[in-house]
Amino acid sequence: MIGTQWGDEGKGKIVDWLTEQVSGVVRFQGGHNAGHTLVVNGKKTILRLIPSGILHPKVTCYIGNGVVLSPSALLSEIDELQAGGVDVESRLKISLACPLILPYHVALDQAREAAKGDAKIGTTGRGIGPAYEDKVARRAIRLLDLTQPSGLKAKLADAMALHNFVLEHHLKASPISVDQVYQDLMAMAPRLLKMSADVPQLLYEVGQRGENLLFEGAQGSLLDIDHGTYPYVTSSNCVAGAAGAGAGVGPSKLHYVLGITKAYATRVGSGPFPTEQVNEIGQGLAKRGNEFGSVTGRPRRCGWFDAAALRRSMQINGVSGLCITKLDVMDGMSEVKLGVGYDTPAGRCDVLPFGADAVAQCTPIYETMPGWSGSTQGVRQWADLPPQAQRYLNRLSEVVGAPIAMVSTGADRDDTILLDHPFGNQATGVGLARAPDRR
Ligand code: GDP
Ligand code: IMO
Ligand code: MG
């Protein structure tokens with residue numbers, strides 16, 4: 001399961017909903033830049049690092065090697081959940097190969113953004129980029145290193161000599177104390193190591209038992225480090241294929257790719273956004289959709305659905321089925337628009353081009369359709385959607401070129417229409433309506 005846009009598509013809700021069918025949920029990239037919201041019987045939980053299956057007591061949650069792990073953020077998230085009565089520590093398995101996000105990564109991220117001024121990426125300031133840089137440069141401190149305290153101190157001193165030099169002399173920021181980082185890490189090590197595991201081995205055993213696993217993508221494909229609107233992207237691969245490398249499973253084990261897609265578009269942070277509506281339409285979507293970042297609280301930029309951007313997402317993810325979320329946010333609009341392609345200096349273009357500069361030159365071409373006055377809020381059967389909403393979804397599916405498997409009509413776990421179940425049409429207690437005229 002992956003986000004097909006710029007993140008915040010409603011992935012957390014859908015992972016939580018699908019978790020009934022699996023024995024494990026696996027995060028495979030990103031870090032605590034993610035903010036995944038779950039609403040169960042009106043109670044809201046926001047998860048950042050912990051997989052969104054954690055509210056189901058029988059499920060094991062895995063953090064794969066592709067995730068960059070902040071020990072302090074992880075432990076405070078665990079403490080919050082456990083204070084609310086959710087047992088986490090006995091059910092969370094963290095790969096020993098996870099690179100750690102340490103205070104110098106956060107300092108570098110924030111100081112670099114400040115130095116860039118208006119040209120900033122608009123990162124979450126959580127140290128994600130610098131931590132991935134260290135991983136690729138082969139100087140990361142990994143969870144495994146906490147088992148070797150003396151080697152750890154030397155590795156920290158080595159990595160921090162470079163980073164403190166950059167902080168102090170290039171970015172004019174305060175250096176970070178090696179001793180303090182070391183002591184804090186050693187204090188957290190026993191709790192962290194208790195949850196550490198050989199995740200590929202555990203996932204292999206789950207597969208051997210014939211049980212289902214759900215791989216939970218964070219961010220969205222258009223924020224992917226390679227395929228997104230570079231450089232306004234995050235620092236990991238967010239596409240479906242990253243699940244294999246980021247968890248330690250082979251691609252033949254991944255059998256269904258569910259693409260989570262908001263019924264309109266949003267983006268938080270800088271970077272081009274062709275269908276953005278800086279007007280009352282965008283403001284209305286933001287207000288009704290409560291579009292504020294779940295991690296940073298920043299307002300999200302809002303606009304019309306961009307099918308040309310989605311076509312890129314379909315190519316790079318091999319999406320089996322779409323889950324369209326937040327349809328209810330579009331209720332009451334007199335007309336709705338679908339971006340179906342772009343006018344560019346080089347002519348018409350039907351797929352999001354590479355790189356931020358080219359995307360910034362795209363002027364969307366829209367199809368306008370009638371909106372719907374009835375409410376879709378909480379609708380659980382396709383047949384109960386207003387005909388105009390059905391038409392909008394059918395057209396969206398047609399222009400994107402992918403079938404719709406699910407529709408979400410509210411933040412609550414149960415406000416969901418199911419059309420094609422990613423794990424087969426198993427009894428789930430929610431509508432299995434398949435409208436005969438749907439496509
Ligand atoms: P994620 O990062 O993809 O998990 O998404 P976020 O949790 O950051 O943002 C999605 C927001 O929309 C959250 O506040 C959800 O509770 C909410 N949400 C999810 N699905 C729906 C839906 O179908 N309708 C409405 N109105 N809200 C939804
Ligand atoms: P979820 O999983 C939306 C964005 C940031 C910034 C860019 C780089 O909740 O969908 P980073 O801190 O990763 O280096 O920031 O990526 N970004 C997200 N936007 N949802 C997210 O996660 C995001 N994670 C990162 O706003 O533009
Ligand atoms: Mg989010």
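Counting starts at 1 for both ligands and their atoms, in listed order. What's counted below: heavy atoms across the whole structure, side chains too, no hydrogens, waters or symmetry copies.
Within the 4.0 Å heavy-atom shell around ligand 2 one finds H36. For the pair G410 and ligand 1, a heavy-atom separation below 4.0 Å is found. Residue R300 places no heavy atom under 4.0 Å from ligand 2. Ligand 1 lies out of reach of N290, whose nearest heavy atom is not under 4.0 Å from it. Residue contact check for ligand 2: G3 places no non-hydrogen atom closer than 4.0 Å to it. Using a 4.0 Å heavy-atom cutoff, K262 is absent from the residues neighbouring ligand 1. Heavy-atom distances between R298 and ligand 2 reach below 4.0 Å in at least one pair. Within the 4.0 Å heavy-atom shell around ligand 1 one finds G35.
A donor-acceptor contact shorter than 3.5 Å links the side chain of K262 to the backbone of D8.
Sparse packing is recorded around CG of N41, with 12 or fewer heavy atoms of other residues, nucleotides or ligands lying under 6.0 Å away.
Close approach of ligand 1 to V329 (heavy-atom distance below 4.0 Å) involves ligand atoms 26 (N). Short contacts between ligand 1 and S408, defined as distances under 4.0 Å to a heavy atom of the residue, involve ligand atoms 20 (N), 21 (C), 22 (C), 23 (O). Listed by number with element, the atoms of ligand 1 under 4.0 angstrom from any heavy atom of H36 are 1 (P), 2 (O), 4 (O), 7 (O). Those atoms of ligand 1 with a heavy atom of T37 less than 4.0 angstrom away are 4 (O), 6 (P), 7 (O), 13 (C), 14 (O), 15 (C), 16 (O). The contact set between ligand 1 and K13, taken as ligand atoms under 4.0 Å from a residue heavy atom, comprises 20 (N). Heavy-atom proximity to A411, at under 4.0 Å, picks out these atoms of ligand 1: 16 (O), 18 (N), 21 (C), 22 (C), 24 (N), 25 (C), 27 (N), 28 (C).
Among W372, Y264, F305, W304, the single residue meeting the ring pair (Phe, Tyr, Trp, His ring centres under 6.0 Å) criterion with Y392 is W372.
Ranking the protein heavy atoms by distance from atom 4 (O) of ligand 1 puts G12 N, 2.8 Å first. Considering only non-hydrogen protein atoms, atom 13 (O) of ligand 2 sits nearest to T234 OG1, 2.6 Å. Looking only at heavy atoms of the protein, atom 18 (C) of ligand 2 is closest to L223 CD1, 3.6 Å. Protein heavy atom nearest atom 3 (C) of ligand 2, with residue, atom name and distance: D8 OD2, 3.2 Å. Here the heavy atom of the protein found nearest to atom 1 (P) of ligand 1 is K11 N, 3.5 Å. Scanning all protein heavy atoms for the shortest distance to atom 7 (C) of ligand 2 gives V233 O, 3.8 Å. Counting only heavy atoms of the protein, atom 12 (O) of ligand 2 lies nearest to T124 OG1, 2.6 Å. From the protein, the heavy atom lying nearest to atom 23 (C) of ligand 2 is Q219 CG, 3.6 Å. Protein heavy atom closest to atom 6 (C) of ligand 2, with residue, atom name and distance, is G122 O, 3.1 Å. Of all protein heavy atoms, the one closest to atom 11 (C) of ligand 1 is K326 NZ, 3.5 Å. Taking atom 15 (O) of ligand 2 as the reference point, the nearest protein heavy-atom neighbour is T123 CA, 3.3 Å.
The nearest N, O or S atom of K11 is not closer to the Mg ion (ligand 3) than 2.8 Å.
Ring planes of H163 and H105: perpendicular class, angle over 60° (limits at 30 and 60°).
The cationic atom of K337 (NZ for Lys, CZ for Arg) lies less than 6.0 Å from the six-membered ring centre of Y366 and within 45° of the ring axis. Cation-pi contact between R27 and F215: absent, since separation from the ring centre below 6.0 Å together with deviation from the ring axis within 45° is not met.
Taking distance alone, with nitrogen or oxygen atoms compared against 3.5 Å, V268 approaches ligand 2 more closely than that limit.
Nearest approach of I2 to V257, heavy atoms of both residues: CG1-CG1, 4.1 Å. Between M1 and V15, the shortest heavy-atom contact is SD-CG2, 3.2 Å.
Among D328, D16, N33, the residue whose heavy atom lies closest to atom 26 (N) of ligand 1 is D328.
Take the N/O/S atoms of D8: the one nearest the Mg ion (ligand 3) is OD1.
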